[in-house]
Enquirer: 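Sharing a structure below in structure tokens format, with a few things to ask.
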Amino acid sequence: SVPPGVLPLCHRPLAWGRAPRQPPGLPCTPSRAFSNNKILVELDESSGVATMKFKSPPVNSLSLDFLTEFCISLEKLENDRTCRGVIFASAIPKIFSSGLDITEMCGKSTEHYAEFWRAVQEMWLRLYSSNMVTIAAVNGSSPAGGCLVALSCDYRIMVDNPKFSIGLNEAQLGIVAPFWFKDTFVNVVGHRVAERCLQLGSLHPAPEAHKFGLVDELVPEEKLQEKAAAVMAQWLALPDHARQLTKSMMRKAVLDRLVAHREEDIQNFISFISKESIQKSLRRYMEMLKKKKS
Amino acid sequence: SVPPGVLPLCHRPLAWGRAPRQPPGLPCTPSRAFSNNKILVELDESSGVATMKFKSPPVNSLSLDFLTEFCISLEKLENDRTCRGVIFASAIPKIFSSGLDITEMCGKSTEHYAEFWRAVQEMWLRLYSSNMVTIAAVNGSSPAGGCLVALSCDYRIMVDNPKFSIGLNEAQLGIVAPFWFKDTFVNVVGHRVAERCLQLGSLHPAPEAHKFGLVDELVPEEKLQEKAAAVMAQWLALPDHARQLTKSMMRKAVLDRLVAHREEDIQNFISFISKESIQKSLRRYMEMLKKKKS
Amino acid sequence: SVPPGVLPLCHRPLAWGRAPRQPPGLPCTPSRAFSNNKILVELDESSGVATMKFKSPPVNSLSLDFLTEFCISLEKLENDRTCRGVIFASAIPKIFSSGLDITEMCGKSTEHYAEFWRAVQEMWLRLYSSNMVTIAAVNGSSPAGGCLVALSCDYRIMVDNPKFSIGLNEAQLGIVAPFWFKDTFVNVVGHRVAERCLQLGSLHPAPEAHKFGLVDELVPEEKLQEKAAAVMAQWLALPDHARQLTKSMMRKAVLDRLVAHREEDIQNFISFISKESIQKSLRRYMEMLKKKKS
């Protein structure tokens, strides 16, 4: 049952500064810091709208460091009463986020895989259950984990450029999107589209992604910020409390499922990613990327 | 599991005349009465099609009296073997139903809130699980609870007039649509549209509502009755038994969920609606409506 | 929970030759046989693509013999490492499959009904959970169980001819599609379309079926094979393992539901089909078909 009034249970505060997964050397300043290494955070206190800009060259991949910073930044905004909404965008041209950092999944220890996967889960749990209005301003390509970030927001606006593509293309790499990627995807595009796209690991040029509802709106690149601000204003016109309870009601089942199976999901990830065949396929993919670059 | 042949359990007969929730003074005639205070019921025995016309000025709001009469009328038709289908429409120009009567939720006792909410639940349980073919002929605006009535039918035809709008706009009032409003909505428009519309509390002009499937068909006002009769004939061409079992199979999961959590849902409603902040927001809304009128 | 890596449990090997449901006289050759009585199987070992052509005149109805042969053929391909995909088509003009054989459901013993229904379940469990890429090349009409075969594939291509229709029209015959037909249908077209179509028992001309996603693509009859081969090549470009795990993740919930309620579903079928009213309605339908033919 999903009675109104019950918020998801995943809002445990990040154990700031003493989290075992926090990389050493990360600043644990108690003051409000709006800029750090990989994400630029700006909060306009008059409108209550923050912007989180990903600036982790070359492709905003979701490394352990990036994810940790993402969670800390989101948590700070979540606890900041002046902040009611966040717009996510990239500070790097042509790419929103390339998804999970493959180097974190290749040739590392079991402990590292566990730590990394827990951070991926944490990012999604916090973003998908955020009390703030979340808007993805997708100003570049957004495969795999990058697509998940967009899917987890309340609204997706993408630059109207067929060169930018988006999708959960894990199957192309020989890996499998976890069930909560799938659940999030199904909640946006429905079962049939998700089944077909996940099996084919397809990436969709922006216009195609818009056609079947993977993104809500397309705009010319120069209008993206303006449009995101306008949509945000529309969502913020609603009373926070009613909007938050409604959002929670819609997303609770899917959030609860990961919360209930979190350790199991980590073990599954570890045993899958540790297979020699999977490691080989990821190494091959990375070499292909390197050749492409040079 | 939803084996065919098992009908929902909510078809307990209304404890007519001795129901604790029945307001005193309501006629408890044992004879078939096709007209009463707030709803005009006409049954064409040759076609087996009844019409229930809402005539509770000024805006057909779903008061406790209205809901009680609705349930009694529906129950009578349900038990009448000559009746196989019902068309719902409004006898008041420009409005189908304005939804739940806010005066029933403002400044009343806990007991009253409980009685009222049970009546809202009862209306939905009976309508959504009706063995009859149910068609909403939406000849006017239909916000919130009015929209729920339409959503709970088998088919929705709306007058093709952009001045008439429909939607679950609860969030606009600072309140939250209960989970079974949400479930009914998701069953009609899918998860993504429901998530967005419920959070924004959006009302949709008829043409827009038709575009995303909230209503099945648009017709000019003068063709509404004729169209509703034609669609009804099409549905009545099917053998009742097979159609009823199929309907039950499709709706059972969602019906069972409220049946299983009914008392909890009432308690949730009471504690939510009793909050001073919610009361204040509802009073503000009623004052706004009064000013609008004068 | 649906952790990746867990395949559905229904892949128990067919108890070949000693299955109680196998009709006596059916050849139980241990060698690979690519052709038998009712289904023509051809495997192109270079591409890894098999074709299963239904050739059971007059209308490819799903009799007990047909279903048994279907399961055995599919099982053989499933266990053949050179085979990665199957295309289903009809060798009979104008009809893909007419669905469940009504003569198997009329005037037979309880034991026969049980055996028949188990075979229908088995066909669906194997097809819907197949590790191979499955494509329906729908070259004719495909009502009821014929539609289920198509719905259970990964992709549906239909001949662009409005004279060919497809749909779950059970309600027209006075019977009810079982819950797993419904679940499969909902996974393809969504809840609302399924609710309406199942209640009306509607058959859709190919262009209409394509419009709401019941089939994925329409092609001229002479292009059907070529198109099916091209789509198959696209799906086979993906690594098998990742695609299979993804497919399993998408379909597991619905498969598990029948596995968990299989005996109950057989009992439900028996008690429903044994009703005199249902038997009468089926006899009437068969007589209508006979008159139509002559």
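By convention in this document, chain letters (A, B, ...) are assigned in the order of the sequence lines, proteins followed by strands, and residues within each chain are numbered from 1.
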Enquirer: Please state whether the side chain, the backbone, both or neither of B:Leu200 comes within less than 4.5 Å of a heavy atom of chain A.
Expert: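 Both parts, heavy atoms under 4.5 Å.
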Enquirer: Counting heavy-atom pairs closer than 4.5 Å to chain A, which one of B:Ser271, B:Ser281, B:Ser277, B:Ala171 comes out on top?
Expert: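 With the most close heavy-atom pairs to chain A, the winner is B:Ala171.
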Enquirer: Considering residues, nucleotides and ligands other than A:Gln225, do more than 12 of their heavy atoms fall under 6.0 Å from its CD?
Expert: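 No, the 6.0 Å shell around CD holds no more than 12 heavy atoms from other groups.
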Enquirer: Is B:Ala260 close to chain A through its backbone or its side chain, or both, or neither, when contacts mean heavy atoms under 4.5 Å?
Expert: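 Looking at B:Ala260, nothing touches chain A.
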Enquirer: Check the surroundings of atom NZ in A:Lys223: do more than 12 heavy atoms from other residues, nucleotides or ligands lie under 6.0 Å from it?
Expert: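 Counting neighbours around NZ of A:Lys223, 12 or fewer heavy atoms of other residues, nucleotides or ligands fall under 6.0 Å, so no.
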Enquirer: A quick test of your reading: do over 12 heavy atoms of other residues, nucleotides or ligands sit less than 6.0 Å from NZ of B:Lys108?
Expert: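 Yes, because the 6.0 Å sphere around NZ of B:Lys108 holds more than 12 heavy atoms from other groups.
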Enquirer: Do the side chains of B:Asn268 and B:His261 get nearer than 4.5 Å, heavy atoms only?
Expert: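 No. Closest side-chain heavy atoms not under 4.5 Å.
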Enquirer: Chain A heavy atoms under 4.5 Å from B:Val186: which part of the residue, side chain, backbone, both or neither?
Expert: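 For B:Val186, side-chain heavy atoms alone lie under 4.5 Å from chain A.
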